[in-house]
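Below you'll find the structure, written out as structure tokens, and then a few comments.
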Amino acid sequence: DHAGHDHAAEHDHPTTLAAGIAELEALTRDVADKLAGDAHEAADDAIHAAGHVIDDVRGLLAKETITADAKEAATKALDELFECFDKLDVAMHAEAKEGAETVAEIHASIAARVQEAVTALKERFPAEDK
């Protein structure tokens, strides 16, 4: 149930791949921190924000002049991130069932996948020098 969320709300859109990837990295830390602090509503907001940034990064990726291999690797990493955040999002909104995994357990089970995907993106598109 996403009725209480304002998905149309504006957010700052990254203008470069490196900026988008840095934002995704920050959001992955934010989700982990919020879940560790049992701040589920705030974690849910960060999960939704990550979904928007993933879409932004996909759009930026499409505009890049890079090899097909690089584009494929980045797309795979973004798909992995989306799948992981979607799994968390579904768990956040599911009714608790006896014996079902908790959101914290699901986060623990996907944390390595999320980190690997972010690392893969950072290796392909390193942060810009300031």
Side-chain angles (χ1 to χ4, degrees):
D1 173 25
H2 293 102
H5 298 287
D6 183 9
H7 291 284
E10 278 301 310
H11 65 280
D12 291 332
H13 299 278
T15 57
T16 66
L17 278 173
I21 292 164
E23 191 171 342
L24 281 173
E25 184 176 32
L27 284 166
T28 61
R29 282 192 306 269
D30 195 34
V31 168
D33 292 347
K34 300 290 193 258
L35 289 176
D38 212 22
H40 284 223
E41 189 171 322
D44 189 41
D45 290 343
I47 291 166
H48 287 268
H52 292 291
V53 175
I54 289 168
D55 286 342
D56 291 340
V57 172
R58 285 186 198 279
L60 291 166
L61 182 63
K63 297 175 184 175
E64 286 289 311
T65 305
I66 55 175
T67 67
D69 286 348
K71 198 168 276 198
E72 183 180 331
T75 299
K76 182 179 175 187
L78 290 169
D79 289 347
E80 181 77 352
L81 286 171
F82 184 83
E83 183 180 314
C84 289
F85 282 116
D86 186 56
K87 188 172 185 176
L88 274 176
D89 187 47
V90 168
M92 295 288 285
H93 298 283
E95 296 213 12
K97 293 183 176 56
E98 186 69 33
E101 281 185 299
T102 66
V103 173
E105 289 169 334
I106 290 170
H107 183 260
S109 75
I110 64 164
R113 290 171 53 196
V114 168
Q115 186 56 52
E116 288 170 15
V118 169
T119 298
L121 288 167
K122 286 174 56 179
E123 287 172 354
R124 294 262 179 203
F125 307 100
E128 298 119 348
D129 291 330
K130 301 241 177 203

Task: Chi angles and distances behind the salt bridge (Lys or Arg N to Asp or Glu O under 4.0 Å) call for Arg58, Asp79 - done: CA-CA 10 Å; Arg58 285 186 198 279; Asp79 289 347; 2.8 Å; yes
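- At a cut-off of 3.5 Å, with distance as the only test, no side-chain donor of Asp44 or His40 sits close to an acceptor on the other residue.
- Here the straight-line distance linking atom NZ of Lys87 with atom NE2 of His107 works out to 12.0 Å at 0.5 Å rounding.
- Using a 4.5 Å heavy-atom threshold, the side chains of Leu61 and Phe125 count as touching.
- Contact between Ala77 and Ala120 at its shortest, heavy atoms only, is CB-CB, 4.4 Å.
- Leu88 and Ile106 make their closest contact through CD2-CG2, 4.0 Å (heavy atoms, listed as atom of the first residue, atom of the second, distance).
- Residues Ala46 and Asp30 share a closest heavy-atom pair of CB-OD2, 3.6 Å.
- Contact record, Cys84 with Val114: CB-CG2, 3.6 Å, taken as the closest heavy-atom pair.
- Counting heavy atoms from C-beta on, the side chains of Phe85 and Ile110 never come closer than 4.5 Å.
- Taking 4.5 Å as the limit, some side-chain heavy atom of Met92 sits within range of a side-chain heavy atom of Leu35.
- Contacts of Arg113 classified as side-chain hydrogen bond (donor to acceptor under 3.5 Å, both in side chains), with partners at least two apart in sequence or in another chain: Glu80, Glu83.
- With Leu17 as the fixed residue, the side chain to side chain contact (heavy atoms under 4.5 Å, CB included) test singles out one of Leu60, Leu121, Asp56: Leu60.
- Closest of all the heavy-atom pairs between Pro126 and Ala18 is O-CB, 3.5 Å.
- Lys122 pairs by the side-chain hydrogen bond (donor to acceptor under 3.5 Å, both in side chains) definition with Glu25, not counting sequence neighbours.
- Legend: residues meeting side-chain hydrogen bond (donor to acceptor under 3.5 Å, both in side chains) with Ser109, ordered by chain and number and at least two apart, are absent.
- Here the CD1 atom belonging to Ile66 is positioned 11.0 Å from the CD atom belonging to Glu72, to the nearest 0.5 angstrom.
- With values rounded to the nearest 0.5 angstrom, Gln115 atom CD is found 9.5 Å from Leu81 atom CG.
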